[in-house]
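Position 1 is the first residue of the sequence; numbering continues from there. None of the values given here were measured: they were computed from a predicted structure.
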Amino acid sequence: MRNGFIRLEPELRDTQTDWFYWAFCVEDAQGRTVTFDFGSKEWIGPFGPAVSHDLQNWHWLDGNSSGSRFTYSFSSQEERVYFAHSMLYLPDRFFAFAKLHGLKVQELCVSEHGSSVPCLSLGEGAVNAVLTARHHCCESTGSYVLEGVLDAFIKNPIPDVSLFCVPFVDYDGVLRGDQGKNRRPHDHNRDYVRGEAAFYPSVAKIREYIDTHKVLFGFDFHSPYHAVDEYVFQVQKSWNRLDRLQQFGSLLTECITSDSLQYDPTHDLRPDTGWNTVGTPTSSTYLLESNEECVAFSLETPYFGSRKDRFTQQKAVALGRCFTKAFRRYLS
């Protein structure tokens, strides 16, 4: 650090393309004012960086920031401060959630780097649903939504429904602080190519579950691109099941509460629109191809939201609760 100025850039590691995600910690800067600068990269969101003192509770910095730099004045009591592109969701929070609700976390597999990848099974019944998040490990907003989905299901189980949940598909990436999108040789959500063995052990196990169970629903929780997508939206991967996907979206609209991130189906990404090419290998595509009755899609929850509907941890969890309510209505 020179004259209160620090230059930064994201660590891309094994990423094939430039990407925007970043996170870091500052220690022993009490009483100093420091400007953090990303140069030509405008990788700071519209509300500034996310800030935390415990990696659990996050808020937006707001003032003293632009698209490429922000300034922070450390108080005399701030020995350690975390800054991130967006509000992180770490495994410790998930394990605490599971413990609080008496859930038995199981081992899905051992990852390529030797980690025990967690999974959950909830409920009993003939209707099998697969819930996944963090195919791209930096996409933490989806984890908050998934927590809300599980919370609502635990408190009011849906009859005859069995949930199989993998909360961190790229678990190694989450632990390492990677961003994970466009990872070499391909990222986890491009590891669903029929006729080819999965590259990642976690995806291999998810595919095995899909191949050996009649899965009727598949919901994959993601975050979209940086500072472009302000809204929650559904990514639709099927023309012949578009009416069912739209029906789910209509029900979710009805279930949205005032304390939730808002959802409007007019923002949904229809098949073969923009980057959403039908047939691209994804978990949703794999599920749709596995069973003609299956309803599967990814739900994209923005990193920041809009000025009228900012992302907060609480609002994202509430969105998940609304999602479970919509799922219940869809089944009925």
Side-chain angles (χ1 to χ4, degrees), residues 1 5-26 34-52 58 60-61 65-72 82-90 111-113 133-143 168-193 199-200 202-203 220-231 233 235 269 273-277 280-283 298-306 311:
M1 179 174 67
F5 185 89
I6 295 178
R7 179 68 179 274
L8 302 165
E9 63 181 34
E11 171 58 73
L12 297 176
R13 294 182 183 154
D14 53 1
T15 301
Q16 299 181 60
T17 55
D18 195 4
W19 210 248
F20 50 79
Y21 171 77
W22 54 269
F24 63 90
C25 175
V26 177
V34 182
T35 295
F36 301 92
D37 185 90
F38 285 89
S40 62
K41 302 295 186 181
E42 296 195 351
W43 292 152
I44 300 171
F47 312 128
V51 183
S52 176
W58 293 86
W60 300 114
L61 179 61
S65 66
S66 66
S68 61
R69 66 168 57 184
F70 69 91
T71 299
Y72 192 86
Y82 299 94
F83 301 97
H85 167 266
S86 41
M87 296 186 181
L88 307 186
Y89 187 111
L90 301 180
S111 73
E112 56 271 26
H113 291 291
R134 310 296 278 274
H135 274 94
H136 306 131
C137 54
C138 70
E139 296 181 3
S140 57
T141 63
S143 290
F168 307 102
V169 179
D170 182 4
Y171 191 52
D172 285 331
V174 174
L175 295 177
R176 286 158 48 92
D178 290 350
Q179 60 84 20
K181 178 75 172 180
N182 297 331
R183 187 191 295 282
R184 295 187 182 96
H186 53 232
D187 66 42
H188 287 64
N189 207 34
R190 297 296 177 268
D191 203 21
Y192 290 88
V193 182
F199 184 82
Y200 300 105
S202 59
V203 175
D220 191 23
F221 298 95
H222 283 260
S223 310
Y225 194 70
H226 164 81
V228 173
D229 301 298
E230 296 183 336
Y231 309 103
F233 63 96
V235 181
L269 194 60
T273 301
W275 51 262
N276 181 31
T277 304
T280 299
T282 66
S283 60
S298 63
L299 189 76
E300 303 274 354
T301 302
Y303 287 107
F304 315 116
S306 65
F311 180 93

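- Heavy-atom contacts from other residues, nucleotides or ligands closer than 6.0 Å to CD of Glu9 number 12 or fewer.
- Here Phe304 and His226 bring their ring centres to under 6.0 angstrom of each other.
- Between Trp43 atom CH2 and Ser68 atom OG the span is 11.5 Å, to the nearest 0.5 Å.
- Distance check: Trp58 CH2 to Phe311 CZ gives 11.5 Å after rounding to the nearest 0.5 Å.
- Atom CZ of Arg134 sits about 11.0 Å away from atom OH of Tyr171, to the nearest 0.5 Å.
- Between Val51 and Tyr72 there is a side-chain heavy-atom pair separated by less than 4.5 Å.
- A distance of 9.5 Å separates OH in Tyr21 from NE2 in His85, rounded to the nearest 0.5 Å.
- Of all heavy-atom pairs spanning Gly142 and Phe221, the tightest one is O-CB, 3.6 Å.
- Between Thr280 and Trp275, every side-chain heavy-atom pair lies at or beyond the 4.5 Å cut-off.
- Checked by atom type and distance alone, the side chain of Gln16 pairs as donor or acceptor with a backbone atom of Pro185 at under 3.5 Å.
- Of the inter-residue distances, the one linking Trp22 atom CH2 with Ile44 atom CD1 reads 5.5 Å to the nearest 0.5 angstrom.
- Side-chain contact of Thr141 with Thr301: a donor-acceptor pair under 3.5 Å is absent, judged by distance alone.
- No side-chain heavy atom of Phe233 sits less than 4.5 Å from a side-chain heavy atom of Pro302.
- Classification of the Phe83-Phe36 ring pair by plane angle, with boundaries at 30° and 60°, yields tilted.
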I'd like to know whether Asn189 forms a side-chain contact (heavy atoms from CB on, under 4.5 Å) with Asp220, so could you lay out the CA-CA distance, the side-chain angles of the two residues, the decisive distance to 0.1 Å, and finally the verdict. CA-CA 10 Å; Asn189 207 34; Asp220 191 23; 3.8 Å; yes

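- Formation of a donor-acceptor pair under 3.5 Å by the Asp229 side chain with backbone atoms of Tyr231 is not found in this model.
- Tested against Arg183 for a salt bridge (Lys or Arg N to Asp or Glu O under 4.0 Å), the candidates Asp178, Asp191, Asp172 yield a single pass: Asp178.
- Of the possible donor and acceptor atoms, one in the side chain of Ser140 sits under 3.5 Å from a partner among the backbone N and O of Met87.
- Phe5 has its side chain within reach of Asp37: a pair of non-hydrogen atoms, C-beta onward, lies under 4.5 Å apart.
- A donor-acceptor pair under 3.5 Å is formed between the side chain of Ser202 and the backbone N or O of Val169.
- For His135 and Tyr192, the ring centers sit closer than 6.0 Å to each other.
- Of all heavy-atom pairs between Tyr303 and Ser223, the closest is CZ-CB, 3.4 Å.
- If you run side chain to side chain donor-acceptor pair (under 3.5 Å) between His222 and each of Glu300, Glu139, Lys181, only Glu139 comes through.
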Check the pair Lys41, Phe20 against side-chain contact (heavy atoms from CB on, under 4.5 Å), reporting the backbone distance first and the verdict last. CA-CA 8 Å; Lys41 302 295 186 181; Phe20 50 79; over 6 Å; no

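- With values rounded to the nearest 0.5 angstrom, Phe24 atom CZ is found 14.5 Å from Glu11 atom CD.
- Applying the side chain to side chain contact (heavy atoms under 4.5 Å, CB included) criterion to Thr17, with sequence neighbours excluded, gives Thr15, Trp19, Asn182.
- A donor-acceptor contact closer than 3.5 angstrom links the side chains of His136 and Asp187.
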